[in-house]
Amino acid sequence: MPELPEVETIARVLREGAKSAEDALVGRRIESAEVLWPRTLANLSPQAFCVQISGQTFQAVTRRGKFLVFPLNSDTLLIHLRMSGDMRVEGIQENPVLKHDRLVLNLDNKNRLAFNDTRKFGRAWLLANPQEVLGSLGPEPFDPTLDANVFMEMLKAHNRQLKPLLMDQSFLAGLGNIYTDEALHLAKLHPLRLSDSLSLSEAEKLLAAIRAVLTEGIQRNGASIDWVYRGGDFQNHFHVYGRTGEICPECGGIIERLVVGQRGTHICPKCQPKPD
């Protein structure tokens, strides 16, 4: 599943254009829509969606947590990519609709915005009030009001293992398996450590580590670890994720894999000592 850096990268490409400003979405009018997999729509029927979105114009392309957010002049389109979703802008005449395209928006400049989703888990919402969906999300990791003291209070409010808590989107929006493993390693905290056991200095280090790995992920256009996400480079700079049996670049220890909260988890046992 794409995490914050991958979604941010896709949002930037759609906002600015992959090859030129002509590919950018902002200011483009939606002439018509085609729903090729009805279950992609989370809150409307295909007919209602097509009628409601046609004629609206993209005002911006943003991100909230792992959601792509497209403010239109009347409504907001939300898309969650889930396991295998991807989005592209392309010319209609030169490019056929692809086998796994689930939703297509035809634009006023003879381009289309296509939502491609091999595994069919991705979802789209068209809402007058996006907070109906986004309101349950926790703060953004880069929220300037989220300082060490606030983060400490958030951690102390729970008695949960760190990894499942950090991946809980109602606690903090945007983290998944990859960046949680990398952040916990950078902060030298074991994923089984209980959240309310952290000191203020440990909370400060963890917040800094989360921001550091997300920043690097964004700078490297995310991580390309399967056939869906192309162009990312962060996978070549992982310290622990997916590196079972390899040497830790920090201490020379051997990276181990364990299961935490039913998720494969990667740690360095020397850098991240197991709690009592």
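- The closest donor-acceptor contact from the side chain of Gln161 to the backbone of Pro191 lies at 3.5 Å or more, if one exists at all.
- Looking at heavy atoms from C-beta onward, Glu90 lies out of side-chain contact with Leu113 at the 4.5 angstrom threshold.
- No donor-acceptor pair under 3.5 Å is formed between the side chain of Glu8 and the backbone N or O of Ile218.
- Contact check on Asp196 versus Arg160 returns no salt bridge, with no Lys/Arg side-chain nitrogen under 4.0 Å from an Asp/Glu carboxylate oxygen.
- Using modelled atom types, no side-chain atom of Glu16 and backbone atom of Val13 make a donor-acceptor pair closer than 3.5 Å.
- Put simply, CG on Leu155 and CG on Leu166 are 7.0 Å apart, with the number rounded to the nearest 0.5 Å.
- Nearest heavy atom pair, residue Pro139 against residue Asp143, reads CB-OD2, 4.4 Å.
- Side-chain atoms of Ser195 come within 3.5 Å of backbone atoms of His158 as a donor-acceptor pair (strictly under, hydrogens ignored).
- Taking the side chain as every heavy atom from C-beta outward, Pro46 and Leu41 approach each other to under 4.5 Å.
- At least one donor-acceptor pair closer than 3.5 Å links the side chain of Glu3 to the backbone N or O of Ile178.
- Taken from CG in Asp75 to CG in Leu126, the straight-line distance is 4.5 Å, to the nearest 0.5 Å.
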Apply the test side chain to side chain donor-acceptor pair (under 3.5 Å) to residues Arg29 and Asn109: give CA-CA distance (whole Å), side-chain angles for both, the deciding distance (0.1 Å), then the verdict.
CA-CA 8 Å; Arg29 183 176 183 272; Asn109 63 345; over 6 Å; no

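- Using modelled atom types, no side-chain atom of Arg193 and backbone atom of Pro273 make a donor-acceptor pair closer than 3.5 Å.
- Legend: salt bridge (charged side-chain N to carboxylate O under 4.0 Å, His left out) pairs involving residues 205-219, not counting sequence neighbours, sorted by first then second residue: Glu216-Arg220.
- The shortest distance between side-chain heavy atoms of Thr57 and Arg28 does not fall below 4.5 Å.
- If you chain together hydrophobic residues whose side chains sit under 4.5 Å apart, Ile53 and Val69 never meet in one group.
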Solution key, residues 96-107 side-chain donor-acceptor pairs under 3.5 Å, sequence neighbours excluded:
residue: His100; atom: ND1; partner: Arg102; partner atom: NH2; Å: 3.2
residue: Asp101; atom: OD1; partner: Arg88; partner atom: NH1; Å: 2.8
residue: Asp101; atom: OD1; partner: Arg88; partner atom: NH2; Å: 3.4
residue: Asp101; atom: OD1; partner: Asn116; partner atom: ND2; Å: 2.8
residue: Asp101; atom: OD2; partner: Arg88; partner atom: NH2; Å: 2.7
residue: Asp101; atom: OD2; partner: Leu98; partner atom: N; Å: 2.8
residue: Arg102; atom: NE; partner: His100; partner atom: O; Å: 3.3
residue: Arg102; atom: NE; partner: Asp117; partner atom: O; Å: 2.9
residue: Arg102; atom: NH2; partner: Asp117; partner atom: O; Å: 3.2
residue: Arg102; atom: NH2; partner: Thr118; partner atom: O; Å: 3.4
residue: Asn106; atom: ND2; partner: Ser32; partner atom: OG; Å: 3.0
residue: Asn106; atom: ND2; partner: Glu34; partner atom: OE2; Å: 2.9

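- Clustering ILVMFWY residues whenever any of their side-chain heavy atoms sit less than 4.5 angstrom apart, transitively, puts Leu214 in the very cluster that holds Phe238.
- A donor-acceptor distance shorter than 3.5 angstrom exists from the side chain of Asn95 to the backbone of Gly91, with no hydrogens or angles considered.
- Pro164 has its side chain within reach of Val260: a pair of non-hydrogen atoms, C-beta onward, lies under 4.5 Å apart.
- No donor-acceptor distance shorter than 3.5 angstrom exists from the side chain of Arg64 to the backbone of Leu68, with no hydrogens or angles considered.
- Residues Gly217 and Pro5 share a closest heavy-atom pair of C-CB, 3.6 Å.
- At least one side-chain heavy atom of Leu14 sits less than 4.5 Å from a side-chain heavy atom of Val89.
- Between Phe115 and Gly122, the shortest heavy-atom contact is CZ-CA, 3.8 Å.
- You'll find the side chain of Asn43 stays beyond 4.5 Å of the side chain of Phe49, heavy atoms only.
- Going from atom CZ of Phe171 over to atom CE of Met154 covers 4.0 Å, rounded to the nearest 0.5 Å.
- Residues Arg63 and Glu140 are paired through a salt bridge, judged by an N-O separation under 4.0 Å between the basic side chain and the carboxylate.
- Side chain of Thr180 to backbone of Asn177: no donor-acceptor contact under 3.5 angstrom is found.
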Validation: residues 181-190 side-chain donor-acceptor distances under 3.5 Å, sequence neighbours left out:
residue: Asp181; atom: OD1; partner: Lys163; partner atom: NZ; Å: 2.8
residue: Asp181; atom: OD2; partner: His266; partner atom: N; Å: 3.0
residue: Asp181; atom: OD2; partner: His266; partner atom: ND1; Å: 3.2
residue: Glu182; atom: OE1; partner: His239; partner atom: N; Å: 2.9
residue: Glu182; atom: OE2; partner: His239; partner atom: N; Å: 3.2
residue: Glu182; atom: OE2; partner: Val240; partner atom: N; Å: 2.9
residue: Glu182; atom: OE2; partner: Tyr241; partner atom: N; Å: 2.9
residue: His190; atom: ND1; partner: Leu192; partner atom: N; Å: 3.0

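- Between the CZ atom in Phe151 and the CG atom in Leu198 there is a gap of 8.0 Å [rounded to 0.5 Å].
- Contact annotation: the side chain of Cys248 never approaches that of Ile254 to less than 4.5 Å [non-hydrogen atoms, C-beta and beyond].
- The two residues Ile247 and Gly252 come nearest to each other via the heavy atoms CG2-CA, 3.5 Å.
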side-chain contact (heavy atoms from CB on, under 4.5 Å) between Leu162 and Leu206: does it pass, once the steps are laid out?
CA-CA 10 Å; Leu162 280 176; Leu206 178 56; 4.2 Å; yes

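- Follow the hydrophobic side-chain contacts under 4.5 Å out from Leu175 and you reach Val150 in the same cluster.
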Please determine whether side-chain contact (heavy atoms from CB on, under 4.5 Å) holds for the pair Cys251 and Cys271, giving the CA-CA distance in whole Å, both sets of side-chain angles, and the decisive distance to 0.1 Å.
CA-CA 7 Å; Cys251 72; Cys271 290; 3.6 Å; yes

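- Gln169 meets the side chain to side chain contact (heavy atoms under 4.5 Å, CB included) test with Lys66, Leu137, Ala173; sequence neighbours excluded.
- Interatomic distance, NE2 of His237 versus CD of Gln235, reported as 8.0 Å (0.5 Å rounding).
- With hydrophobic clusters built from ILVMFWY side chains whose heavy atoms lie under 4.5 angstrom apart, Ile210 does not share a cluster with Met167.
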Start with the C-alpha distance between Glu250 and Lys270, add both sets of side-chain angles, then the distance that settles salt bridge (Lys or Arg N to Asp or Glu O under 4.0 Å), and finish with yes or no.
CA-CA 10 Å; Glu250 296 297 322; Lys270 290 180 67 176; over 6 Å; no

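- Note: the hydrophobic cluster containing Val35 also contains Ile30 (ILVMFWY, side chain heavy atoms under 4.5 Å, direct or indirect links).
- Thr9 and Gly222 get closest at one heavy-atom pair: OG1-N, 3.8 Å.
- Ala42 meets the side chain to side chain contact (heavy atoms under 4.5 Å, CB included) test with Arg123, Trp125; sequence neighbours excluded.
- A distance of 9.5 Å separates CG of Leu72 from CD of Gln52, quoted to the nearest 0.5 Å.
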Would Leu207 and Glu204 count as a side-chain contact (heavy atoms from CB on, under 4.5 Å) if you check the C-alpha gap in whole Å, the side-chain angles of each, and the deciding distance to 0.1 Å?
CA-CA 5 Å; Leu207 181 59; Glu204 187 174 19; 6.0 Å; no

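- Looking at residues two or more places apart in sequence or on another chain, you find a ring-ring contact (aromatic ring centres under 6.0 Å, His included) between Phe58 and Phe70.
- For Ser54 (side chain) and Val51 (main-chain N/O), no donor-acceptor pair under 3.5 Å exists by modelled atom type.
- Between Ile79 and Phe67 there is no side-chain heavy-atom pair separated by less than 4.5 Å.
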